[in-house]
Amino acid sequence: MSKTSITVAYGDGIGPEIMDATLKILDAAGAQLDIETIEIGEKVYLRGGTTGLEESAWDSLRRTKVFLKAPITTPQGGGYKSLNVTIRKALGLYANVRPAVAYYPFVETKHPNMDVVIIRENEEDLYAGIEHRQTEQVYQCLKLITQPGSEKVIRYAFEYARSYGRKKVTCFVKDNIMKLTDGIFHRMFDEIGKEYPDIEKETWIVDIGAAKLANSPEEFDVIVMPNLYGDIMSDIAAQISGSVGLGGSANIGDQCAMFEAVHGSAPPLAGKNLANPSGLLLAAVMMLQHIGQPEVAARVHNAWLKTIEDGIHTFDIYREGISKQQVGTKEFAEAVIDRLGQLPEKLPPVAYKEAPKLHAVLKQRQKQKKELFGVDIFLDWDKGTAEELGKALEQFKAGNLKLRVITNRGVKVYPGGLPETFCTDHWRCRFHAEPGETIEHRQIVELYNQLVAAGYDCIKTENLYLFDGEPGFAAVHG
Ligand code: NAD
């Protein structure tokens, strides 16, 4: 078998110890790897690299396209960008795959039959880092969900389910509140799901879905969700399956992929030969499938399962009466190496084929007719009541562009607001045409100039568009 080039980073904290343990096991199992090492993390940040990654590291990553990464420590204080977010976005790693499996009765868990894979959208949502302070009182973070981004990760989830023999894909969203952003994710789930009639589909509102996942995870199989929910839910899933120390994850893109443990660098454990290397090892098992060495992946995974069922445990999963021997990181790795070639007897053994190469083929879509209908102008204003602001703004018009409604934190306060509604200094003033009409951009500029000339602080505008006649903005209720 020819060797596959991969990029490896040892990271910070417990990173070097668990990476060492992992690579020793892979080597002993016969993995054919040509390893390029790069430096990432704290040292790079403290040398002044704002992303925690040397410029030269990109050459290696773009050459090998496969990254096995140990956790890093993000230094406290401002000005440092998240290394993970940078890598995911720069390399287009749109799907984060996190299996959470119970190893009962060998690892304590309240959920013996749990075997869930969370597929988290990895590039969008509130993680764009587009945040603004707009007024004295109000701070904003922009949530961006795209149609192609949703389509890609949802198709990945269905393809993953099909190739790994999974029966059901569940979607978690909050589209009862976020009708447009989570709404498009849900719509893509319904649309793409139709192409997979062999797979059962269901959608849960994320709050009750999360409660169900925490209470009866065995009811779920594959779950796909937007970035923030996936971030939170996958940690919960890893923890309730037994330990965050056991979770591995794959970050998959069309060209590159990154494999890492779910947990962080655990600084208090560093250098003590205590950390459980299993999260990184199970991530490496996913990597071996990805690079076409599925037999080695299975050999490593089965030896690991046998070690776990033989009761050889690191401190985090060690339990009196269940475990047989408490070991350190190095000894755990040696125990796995000793069991290479063996199969577990009580836990189900694994067998792998090469992971399918999934390319996000986006569906051809007809461009919709986009028409300008109005504008939301946001004001920083603290001079009186909603009624007074509304009355004052009624006089500003630009052709058919007229004030229709004012909201404060999304609650309608004019016309016909309630005096009880608490108002901040942040007012969203909606101006638009009559139904069936459209406006031109110059009318917005005209209106904006009138407001500024009258002394209003316009902090932002957001155009209101119709797409094939359908509003591309949330309605105001109340
Ligand atoms: P953490 O995951 O490092 O630790 C959380 C808890 O889990 C701690 O009690 C720790 O001792 C335990 N733990 C973690 N890994 C373990 C292992 N392999 N074996 C046994 N116990 C383990 O999270 P944290 O303490 O919030 O963060 C520490 C640092 O890690 C921070 O600087 C954070 O930014 C960073 N971090 C990095 C990544 C990454 O590089 N992917 C992810 C998360 C956090």
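Model, not experiment: these values are computed from the prediction. All ligand and atom numbering here is 1-based and tracks the order in the structure.
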Can you tell me if K201 uses its side chain to pair, donor with acceptor, with the backbone of G193 under 3.5 Å? yes
Between R319 and E108, is the closest basic N to carboxylate O distance under 4.0 Å? yes
Check for a donor-acceptor pair, side chain of E309 on one end and backbone N or O of E345 on the other, with a separation under 3.5 Å. yes
Ion pair R47/E54, N-O distance below 4.0 Å: yes
Could you pull out every protein residue that has a heavy atom closer than 4.0 Å to ligand 1, ordered by chain and then number? I14, K69, P71, I72, T73, T74, N84, V244, E260, H263, G264, S265, A266, P267, L269, A275, N276, F315, D316
Any side-chain donor paired with an acceptor under 3.5 Å for E331 and N273? yes
Is there a donor-acceptor pair closer than 3.5 Å between any side-chain N or O of E123 and the backbone N or O of G149? no
